[in-house]
Amino acid sequence: MKITKVRVFVTCPTRNYVAVKIETDEPGLYGVGDATLNGRELAVASALQDHIAPLLIGRDPDRIEDIWQYLFRGSYWRGGPIQMTALAGIDLALWDIKGKRAGLPVYSLLGGRTRDGALAYSHAGGGEFSEVHESACALRERGFKVIRVQCAVPHAIGTYGVGGAAEAASATWGAGLGGSVGDGGPMPSVEANWEPANYLRVIPKMFDYLRQRMGDEIELFHDVHERLSPIQAARLAKELEPYRLFFLEDPLRPEHKESFRLVRHHSTTPIAMGELFHNKYECLPLITEQLIDYIRCDIGHIGGITEARKIAAIAEPYQVLTAWHGPGDVGPATHAANVHVDCAIPNFGVQEMVQFSEAVHEVFPGAPEFRDGYLFPSEKPGLGTDINEAAAAKYPYQRSYLPTVRRADGSVHDW
Ligand code: CS2
Ligand code: MG
């Protein structure tokens, strides 16, 4: 069997997605992968169509690991989000082909089910604690047993995880920093006047408010989003101990791996990290030193299923569980890959999910099913997702960027 065509799609149903379709010389046999990288979609699309696609024509799609090694090491310049997202798209499409060829869902190719479904979580947020509480209760009503909670930060204009806040901030600050980019596209939205001290004061109060009203049974956690210094993260993790978080996510920037030792030294709050790593090597110290409890890589940014199952295997003996990244800015094929891997490994922890819009479901049918707090992989051969090319063509790319953050003094901070 041979790869005959590699086609790349950039489409914007609700938000931009990049998809890759690998066609073969077996009539009707193709695979679809997701290669979406929020804010750098066109760079990944170019890496795929201008550099990687020509290298794949004529190769045997069955040789997934060989193609992975060839694309990861053969380019010499290895790693990084753009190349690893492109590689993930290819990898997912190849696993999709292999499953279709075998007549088996991908979880079966990976060794078969280790669980009926994957415990899922979604995002609750709000400006005020009462809004976060209302949002969390709505998710609990829908069956979620694990919920991420984010609230506004006093004096900040816009806050991560509080819908629409960053846009509001850019209305105030974006214009002040130049309202549009070179081709007239929208300036990245700006969260402004964000101060760690204000953040560190409000988060323990939010959990106190929620625990008093929701009790101890519901599993709650929070995403720091890489915004704290090591000692600030250690302080927050320690102060949150009484609220028994499921985990505290991304306390530090990915460049500060050694500093996780400081956080670990000061607190028993479970720690999660990983969405900003781009391959198994970047995860190693946090896993082998047991500095984290959950590895949260994004399967769509670390090179796909082939790499994810290795990361899970590395983590198993260290009792680190998986919690693959699953936000709205990776496509349904990555979400499907998440759940196939979740249901075929022994050390699964929890799976992030989002509710896709009707437009996304139209372009990319087959996202995993959510029932009573759990996600279930498709039983169809392959990943179970697809691309509706005609629908994709209805939604052309729209320039957009991730928000940025500035401190009170106007300096850049981590979003
Ligand atoms: C977040 C992401 O879901 C999460 O854990 O960290 O939503 C992240 O902000 C986006 O993927 C960035 O594009
Ligand atoms: Mg996160």
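Predicted, not measured: the structure shown is a model, and the values here were computed from it. Read the numbers this way: they start at 1 and go in the same order the structure lists the ligands and their atoms. In this chain, numbering begins with 1 at the start of the sequence shown.
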Run the side-chain contact (heavy atoms from CB on, under 4.5 Å) check on V149 and F207 step by step: do they pass? CA-CA 9 Å; V149 290; F207 276 99; 3.6 Å; yes
Should W415 be counted as touching ligand 1, given the test is an N or O pair under 3.5 Å?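 Checking ligand 1 against W415, no N or O pair falls under 3.5 Å apart.
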Side chain or backbone, does D223 bring an N or O within less than 3.5 Å of an N or O on ligand 1? yes
Please report which non-hydrogen protein atom sits nearest to [atom], along with the residue it belongs to and the distance in Å to one decimal place.
atom: atom 3 (O) of ligand 1; answer: E352 OE2, 2.4 Å
atom: atom 9 (O) of ligand 1; answer: H225 NE2, 2.7 Å
atom: atom 2 (C) of ligand 1; answer: H325 NE2, 3.3 Å
atom: atom 1 (C) of ligand 1; answer: Y160 OH, 2.9 Å
atom: atom 10 (C) of ligand 1; answer: D329 OD2, 3.2 Å
atom: atom 6 (O) of ligand 1; answer: E275 OE2, 2.6 Å

If the cut-off is 4.0 Å to any non-hydrogen atom of [X], which atoms of ligand 1 fall inside it?
X: R148; value: 1 (C), 3 (O), 4 (C), 5 (O)
X: H123; value: 3 (O)
X: R296; value: 4 (C), 5 (O)
X: N38; value: 13 (O)

Could you tell me whether L402 approaches ligand 1 through its side chain, its backbone, both or neither, with non-hydrogen atoms closer than 4.0 Å?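 For L402, only side-chain atoms sit under 4.0 Å from ligand 1.
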So, are [X] and [Y] salt-bridged, with charged N and O less than 4.0 Å apart?
X: R73; Y: E65; result: no
X: D386; Y: K21; result: no
X: R296; Y: E275; result: yes
X: D414; Y: R227; result: no

Could you tell me whether a side-chain N or O of H225 sits under 3.5 Å from a main-chain N or O of W415, the two making a donor and an acceptor? yes
Check for a donor-acceptor pair, side chain of T288 on one end and backbone N or O of L284 on the other, with a separation under 3.5 Å.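 Yes; judged by distance alone, with no hydrogens or angles, the pair exists.
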Establish, for the pair K145 and Y121, whether the NZ or CZ atom is under 6.0 angstrom from the six-membered ring centre and no further than 45 degrees off its axis. no
Does NZ or CZ of R15 lie under 6.0 Å from the centre of the six-membered ring of Y17, at an angle within 45° of the ring axis?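 Because its charged atom sits under 6.0 Å from the ring centre and within 45° of the axis, R15 does stack over Y17.
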Using the ring of each side chain (for Trp, its six-membered ring), is Y199 parallel, tilted or perpendicular to W194, with breaks at 30° and 60°?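 Aromatic pair Y199/W194 classed tilted.
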Is the Mg ion (ligand 2) under 2.8 Å from any N, O or S atom of E249?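 Given the 2.8 Å cut-off, E249 counts as a ligand of the Mg ion (ligand 2).
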Nearest to the Mg ion (ligand 2) - the N/O/S atom of E275, by atom name: OE1
The Mg ion (ligand 2) to D223: nearest N/O/S atom name: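 Of the nitrogen, oxygen and sulfur atoms in D223, the Mg ion (ligand 2) lies nearest to OD2.
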